[in-house]
Amino acid sequence: MNSSTQQSATQKPSRISVVILTLNEEHNIGDCIRALSFSDDIVIVDSFSTDRTVEIARSFPNVRVFQRQFDTEYKQRNYALHDVEYKHDWLYICDADERVPEDLARELSATASSADSQHVAYRLHYKNIYLGRWIKHASSYPVWIIRLVQPRRVRYEVRETNVHPIVDGTVGELKAHFYHYSFNAGLARWFAKHNYYSTREAIEGVRIRAKGRPPLRSLWSSDPMIRRRAMKNSSYFLIGRGFFRFLHQYVVKLGFLDGAAGFHYCMMIAMYEYWIELKMNELESNWRQATDRKVQKLLTETPT
Amino acid sequence: MTTPRIDVMIPTLNEADHIAETVANALTLGTVYVLDSFSTDGTQQLARDAGAVVVERAFTNYADQKNWGLDNLPFTGDWIFILDADERITPDLGAKIRERLARSSRVKGYFINRVVIFMGKPIRHGGLYPSWNLRLFRRGTARYEERAVHEHMVCNGATDYMRGEMLHIRRETLSRYLEKHIRYADLESDEWVKWKLGESTMGSPNSLFKDALALRQWVRRHVWPRLPGRPLWRFMYMFFFRFGFMDGLPGWQLARLMACYEYMIGLLYKQKMQRLSEEKSNK
């Protein structure tokens with residue numbers, strides 16, 4: 001399935017360290033590490049997995065494993081950036097369900113070795129794979145993501161989930177892609193993860209709704225990062241998130257061109273958005289209290 | 001006329017949020033036995049403090065766990081009532097049970113009606129109500145059919161329907177609720193794979209149509225999994241055909257959540273079948 005990610009370890013190790021954050025990734029971690037053989041310094045920051053993740057990771061000579069109790073995503077990521085000593089100045093940030101193909105490995109090595117780079121971080125594109133195919137449109141390709149960094153010049157923003165790095169300096173661009181197999185560990189795992197993410201997003205959304213709508217002009221900001229965040233914050237005021245997200249991914253972004261895989265991907269994302277909206281409603285209208293009151297009433301009614 | 005004695009069995013796993021209230025509620029009916037699957041949230045102690053007899057056993061599956069309880073708990077009563085931790089017996093139902101069991105009858109098992117309380121409202125439409133479950137029976141007359149999830153109870157003898165209703169409280173967070181849906185969908189899709197491969201312990205085709213329940217199960221197993229657009233049908237069925245809209249906002253949300261559940265089963269089933277065929281072609 002992941003034949004494109006097989007890596008030959010012929011060239012000498014590049015001057016690049018890699019970090020992977022894990023929790024129960026036994027299905028992914030082996031293939032992920034094998035594709036990273038260009039680095040002689042791979043660090044796993046594990047949130048105390050209860051499966052074979054750590055055991056598998058330790059079986060590679062170029063891997064070091066650290067464990068830290070997971071609290072929030074940004075703290076875990078900032079720990080990985082700032083509290084781990086890396087061998088090299090450049091750090092590639094990888095997830096267990098991602099695979100680095102050979103062309104990206106070459107580009108990363110070349111970028112890290114060129115001494116005259118004025119950038120402190122690099123961003124790149126990725127390809128989402130579902131049901132054996134690249135769901136190009138449904139997953140809004142191309143999306144930039146910062147993955148190659150000088151760890152001391154970058155930190156993650158304080159946010160519930162879906163955190164972005166804040167870079168102290170300029171950001172360069174890479175041409176090659178990585179592959180993202182979000183469904184490798186099984187769909188039940190994907191649902192469970194998005195159940196968690198939607199809870200965090202709902203908490204974030206309720207906080208943002210309490211502050212009122214973001215200023216309209218931020219929607220037209222020249223900085224795409226600010227623009228994206230402003231759109232995201234405005235979206236918490238929307239009714240029918242799931243429906244609009246589906247329209248956006250499937251119709252506007254042409255997700256229908258990706259066949260059945262594209263349709264299901266769009267539906268799953270819509271379902272995730274629906275969960276966020278419903279969880280915001282749950283928090284704001286306090287379902288639990290309402291239910292307890294009703295039950296109390298029904299249990300004290302005298303028999304008829 | 002003697003008053004028949006009732007034993008209540010409550011199977012649990014991490015029900016600290018409910019159990020003290022459930023046990024207190026069940027004690028109005030009879031002796032309470034909590035069959036716990038080694039909870040890690042202190043359910044056992046809370047149950048004991050509330051006045052229940054607690055027995056622990058590692059969880060296997062829902063049917064097996066409850067059947068084990070029926071065979072091994074030190075029951076002494078004439079009747080057994082099986083109550084889940086998120087259910088409550090209303091004073092009305094309790095009174096009707098006592099009245100009914102006091103009369104002599106050849107009935108061995110009673111179906112109990114159950115109403116869901118969700119988002120602060122009783123849900124009385126959408127096909128969720130009435131919901132009849134065989135929960136009260138003469139000791140030794142009923143068992144669960146072996147199945148991983150959505151197990152059914154089979155009673156050896158005459159059955160009848162009890163008036164009054166119990167409450168099914170949906171008060172866990174939506175996150176917990178979805179967690180359950182995801183787990184059930186995973187198990188349910190395993191069942192679908194088994195039906196597809198013909199490995200299920202199913203009655204012979206001749207016995208299928210003997211009663212309505214068997215027919216419904218046959219449709220569930222052999223027709224429903226092959227129907228395209230199931231999530232949409234599930235929603236339409238609940239919200240329109242079964243008048244879910246009469247329950248207002250909670251009815252709308254429940255119908256959508258059930259459509260999500262249906263969708264997850266379908267996607268999981270598809271992935272599992274695909275993996276099986278990949279494994280086969282790799283051999």
Side-chain angles (χ1 to χ4, degrees), chain A residues 1 27 130-132 183-203 240 242-243 260-261 263-265 267-268 270-283 285-304, chain B residues 17 21 24-25 28 88-96 98-99 115-122 163-183 185-187 189 231 249-250 253 256-257 259-261 263-264 266-272 274-275 278:
Chain A
M1 198 154 116
H27 296 286
Y130 182 35
L131 294 170
F183 307 97
N184 246 11
L187 273 173
R189 182 69 187 277
W190 190 93
F191 295 136
K193 263 190 182 177
H194 282 74
N195 186 19
Y196 171 80
Y197 294 148
S198 59
T199 302
R200 308 321 297 178
E201 281 288 343
I203 292 169
F243 175 73
F263 173 77
H264 288 304
Y265 184 78
M267 284 295 287
M268 284 159 67
M271 186 167 81
Y272 163 66
E273 297 288 353
Y274 166 60
W275 291 353
I276 296 174
E277 185 173 346
L278 204 54
K279 284 174 178 178
M280 287 198 291
N281 182 266
E282 177 190 26
L283 291 170
S285 14
N286 205 343
W287 295 2
R288 159 111 196 201
Q289 211 178 45
T291 298
D292 283 351
R293 263 203 303 264
K294 187 72 190 178
V295 167
Q296 196 57 37
K297 186 163 167 278
L298 290 170
L299 288 184
T300 48
E301 271 172 5
T302 44
T304 48
Chain B
D17 194 23
E21 287 173 49
N25 176 258
T28 61
R88 304 285 185 277
I89 297 157
T90 58
D92 178 48
L93 174 65
K96 292 202 161 84
R98 276 186 290 272
E99 185 190 313
V115 62
V116 172
I117 313 290
F118 178 66
M119 286 172 74
K121 293 213 178 85
R163 279 146 65 82
E165 60 192 23
M166 59 180 181
L167 310 181
H168 184 196
I169 307 169
R170 307 254 60 151
R171 80 169 175 200
E172 73 270 52
T173 60
L174 195 56
S175 169
R176 276 291 293 276
Y177 184 67
L178 287 172
E179 218 172 86
K180 259 189 207 173
H181 270 195
I182 294 164
R183 197 169 63 240
D186 203 17
L187 294 171
S189 61
L249 198 59
Q253 303 297 15
R256 295 218 289 172
L257 283 169
C260 287
Y261 172 61
Y263 190 49
M264 289 194 285
L267 288 174
L268 284 160
Y269 171 68
K270 191 191 287 231
Q271 191 181 45
K272 283 169 185 172
Q274 196 185 332
R275 291 224 162 143
E278 271 169 22

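What's counted below: heavy atoms across the whole structure, side chains too, no hydrogens, waters or symmetry copies. Here the structure is a predicted model, which is why all the values come from computation and not from measurement. Reminder, nothing fancy here: chain letters follow the sequence lines and each chain counts from 1.
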- Query: Between B:R98 and B:T28, which heavy-atom pair has the shortest distance, and what is it?
  - Reply: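 Shortest heavy-atom contact: NH1-O, 2.9 Å.
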
- Contact summary for B:P250 and B:M119, nearest pair of heavy atoms: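 For B:P250 and B:M119, the tightest heavy-atom pair comes out as CA-SD, 3.7 Å.
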
- Parallel, tilted or perpendicular: which describes the rings of A:Y272 and A:H194, with under 30° parallel and over 60° perpendicular? perpendicular

Using non-hydrogen atoms only, which part of [X] is less than 4.5 Å away from chain A: side chain, backbone, both, or neither?
| X | result |
| --- | --- |
| B:R183 | neither |
| B:L93 | neither |
| B:L267 | both |
| B:K272 | neither |
| B:Q253 | both |
| B:I117 | both |
| B:L268 | both |
| B:Q274 | side chain |
| B:T173 | both |

- Note on the structure: side chain to side chain donor-acceptor pair (under 3.5 Å) filter on B:E165, not counting sequence neighbours, yields B:R124, B:Y129

- Min side-chain heavy-atom separation A:M271-B:M264 under 4.5 Å: yes

- Item | A:Y197 vs A:I276 side-chain heavy atoms within contact, under 4.5 Å | no

Looking only at heavy atoms and a cut-off of under 4.5 Å, which of [options] has the most pairs with chain B?
| options | answer |
| --- | --- |
| A:L298, A:L278, A:L283 | A:L278 |
| A:M268, A:K294, A:R288 | A:R288 |
| A:T199, A:N281, A:T291 | A:T291 |

- With a 4.5 angstrom heavy-atom cut-off, could you sort out which part of A:N286 is near chain B: side chain, backbone, both or neither?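 Contact with chain B is absent: no heavy atom of A:N286 under 4.5 Å.
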
- Task: Below 4.5 Å from any heavy atom of chain B, which atoms of A:Y196 appear? Answer side chain, backbone, both or neither.
- Result: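 Contact with chain B involves no heavy atom of A:Y196 at all.
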
- Could you tell me which of B:L178, B:T90, B:D186, B:L167 has the largest number of non-hydrogen atom pairs under 4.5 Å with chain A?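 Option with the greatest count: B:L178.
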
- Message: For a ring pair (Phe, Tyr, Trp, His ring centres under 6.0 Å) check, start with the C-alpha distance between A:H264 and B:Y263, then their side-chain angles and the critical distance, and finish with the verdict.
- Response: CA-CA 10 Å; A:H264 288 304; B:Y263 190 49; 5.8 Å; yes

- Query: Quick one: CZ on B:R176 to CZ on B:R171, what's the gap to the nearest 0.5 Å?
  - Reply: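 Going from CZ on B:R176 over to CZ on B:R171, the span is 11.5 Å.
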
- Message: For A:R200 and A:I203: C-alpha separation, side-chain torsions, deciding distance, then whether side chain to side chain contact (heavy atoms under 4.5 Å, CB included) applies.
- Response: CA-CA 5 Å; A:R200 308 321 297 178; A:I203 292 169; 4.0 Å; yes

- Presence of salt bridge, B:R170 and B:E172, under 4.0 angstrom: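 Between B:R170 and B:E172 there is a salt bridge, with a charged N closer than 4.0 Å to a carboxylate O.
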
